[in-house]
Amino acid sequence: MIVHPTGKFDNAPADNKSIEVVPLAAAMGAEIRRVRLASLSDEAFAEVRAALFRHKMIYFRDQDLTHGQQEAFAARFGPFAEDAYTKGVAGHPNVQPLIKEAGTRPGVIFGSGWHTDSPFLKEPPAISMLYGVDIPPWGGDTIWANAALAYATLSDTLRTMIAPLRVHMSMGLVLSSAQQHQKADDTPIGRLAATKGMERLPDEVARKVEGSYHPLVRTHPVTGEKSLYFDQTYSAGIEGLTAAEAEPLLKFLVGHITQPAFTCRLRWAPKTFALWDNRLCVHQAFNDHDPFRRELYRCTIAGEAPT
Ligand code: SIN
């Protein structure tokens, strides 16, 4: 057992036959060893999928993957999701580059700020994955927080109070931050910055700013686990509450979910492949690796309307 100090989560590996699982922290995360993702048996894949749902974030070192192999591995989890920000690489529309060029100093870095991926969509992605190609010698880590553990550690009283609430998830804050701090270019945030001064937002952007209302507490459709579904980047308010009423609750929940004791942090290396359960964890990237280049490739798997 690797029981979290709160006693509310056990990050110990299951009894696996085809893979070796080495937990990363008590709160979440695990390295999976003894597998080659490009040629994974069905038995090993079933254990990898179960490990993802158990540990919330899993990663693999030293994986040689072409874009086609990454896409093929990702497709084993289900259909690809709509990607809200990025376009795929040539020939592989579902493999999206996340590249920060050396020496560039963006005002807003893609993925910074605690978030779950694209919750403003009606059906946000279920699983997100990243493959590291060019990794800075220091910095550029990704950090995750376990929102199911955060839910489990709330008092019964607060859990009862928040059970009926729905959160308004919107791209609005990211859009205004991009318009204020970033110059227009052909990067995901630069494309948002390019809307500055437009009389009317493009329909695609307007739809994401309008966003969606999702339950603040969601139930994982595969495992039945309950989790807070909420973040710092896209949560714009709570249905039926005034801004003044919602703000202290949202502030408390952000601090609660992202407390260091509920997190794990990944030091990337070239050929590291990581995937996470977007339904019940939040994550963030850091703008801390100037002047070095960072190049990763992302795939996202379709999810369902949260319930
Ligand atoms: C993301 O938010 O999906 C990107 C995370 C990262 O670049 O580390």
Side-chain angles (χ1 to χ4, degrees), residues 24 28-29 52 56-61 63 70 74 77 80-89 94-102 104-121 124-147 169 171 173-175 177-178 182 187-192 208 229-235 254 257-258 263-290 292-303:
L24 178 62
M28 66 179 298
L52 169 65
K56 324 301 184 212
M57 186 284 281
I58 55 175
Y59 64 99
F60 308 77
R61 298 292 192 192
Q63 299 295 319
Q70 177 175 352
F77 288 89
F80 290 102
E82 167 187 358
D83 194 279
Y85 286 100
T86 49
K87 293 183 241 164
V89 296
N94 297 300
V95 180
Q96 293 109 16
L98 286 193
I99 300 174
K100 181 177 170 293
E101 293 297 350
T104 52
R105 287 180 176 267
V108 184
I109 197 162
F110 183 81
S112 59
W114 284 105
H115 66 285
T116 174
D117 284 332
S118 305
F120 43 81
L121 299 177
I127 300 167
S128 300
M129 345 189 156
L130 280 178
Y131 180 55
V133 171
D134 195 1
I135 301 299
W138 41 259
D141 296 358
T142 308
I143 186 165
W144 287 263
N146 182 343
M169 301 288 207
M171 195 197 253
L173 281 176
V174 173
L175 179 71
S177 172
Q182 177 83 354
T187 61
I189 302 296
R191 283 191 286 276
L192 287 182
K208 292 164 189 164
Y229 188 61
F230 164 80
D231 72 10
Q232 182 181 35
T233 302
Y234 298 116
S235 304
V254 167
I257 296 177
T258 61
T263 67
C264 70
R265 181 169 181 141
L266 178 65
R267 174 79 201 121
W268 289 94
K271 302 188 187 182
T272 295
F273 187 88
L275 54 161
W276 60 95
D277 191 339
N278 195 47
R279 293 155 168 147
L280 37 66
C281 61
V282 291
H283 61 284
Q284 71 165 302
F286 296 100
N287 194 3
D288 68 345
H289 50 90
D290 277 336
F292 299 105
R293 190 170 188 278
R294 185 172 183 266
E295 175 183 359
L296 301 98
Y297 290 88
R298 181 161 100 140
C299 295
T300 50
I301 302 303

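Every number for a ligand or one of its atoms is a count from 1 in the order of the listing.
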How about [X] and [Y]: does a side-chain donor come under 3.5 Å of a side-chain acceptor?
{"X": "Asp231", "Y": "Thr116", "value": "no"}
{"X": "Thr142", "Y": "Trp268", "value": "yes"}
{"X": "His283", "Y": "Asp117", "value": "yes"}
{"X": "Gln232", "Y": "Tyr234", "value": "no"}

Tell me which protein heavy atom sits closest to [atom], plus the residue, atom name and distance to 0.1 Å.
{"atom": "atom 5 (C) of ligand 1", "value": "Leu130 CD1, 3.8 Å"}
{"atom": "atom 1 (C) of ligand 1", "value": "His283 NE2, 3.5 Å"}
{"atom": "atom 3 (O) of ligand 1", "value": "Arg298 NH1, 3.0 Å"}
{"atom": "atom 7 (O) of ligand 1", "value": "Arg294 NH1, 2.9 Å"}
{"atom": "atom 4 (C) of ligand 1", "value": "Leu98 CD1, 3.8 Å"}
{"atom": "atom 8 (O) of ligand 1", "value": "Thr142 OG1, 2.5 Å"}

Proximal ligand 1 atoms for Asp117, defined as those under 4.0 Å from one of its heavy atoms: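 So the atoms of ligand 1 that pass are 2 (O), 3 (O).
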Suppose I only count heavy atoms of His115 and a 4.0 Å limit; which atoms of ligand 1 are within that range?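 That gives atoms 1 (C), 2 (O) of ligand 1.
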Any nitrogen or oxygen of Trp276, side chain or backbone, less than 3.5 Å from one on ligand 1?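 No; every N/O pair is 3.5 Å or more apart.
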Any salt bridge between Asp277 and Lys56, counting N to O under 4.0 Å?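 Salt bridge between Asp277 and Lys56, a charged N being under 4.0 Å from a carboxylate O: no.
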With heavy atoms under 4.0 Å as the rule, classify the contact between Gln284 and ligand 1 as side chain, backbone, both or neither.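 The answer is neither.
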Decide yes or no on side-chain contact (heavy atoms from CB on, under 4.5 Å) for Phe273 and Tyr59, but give the supporting numbers first. CA-CA 6 Å; Phe273 187 88; Tyr59 64 99; over 6 Å; no
Identify the heavy atoms of Ala81 and Ile301 that sit nearest to each other, and give their distance.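 That would be CB-C, 3.6 Å.
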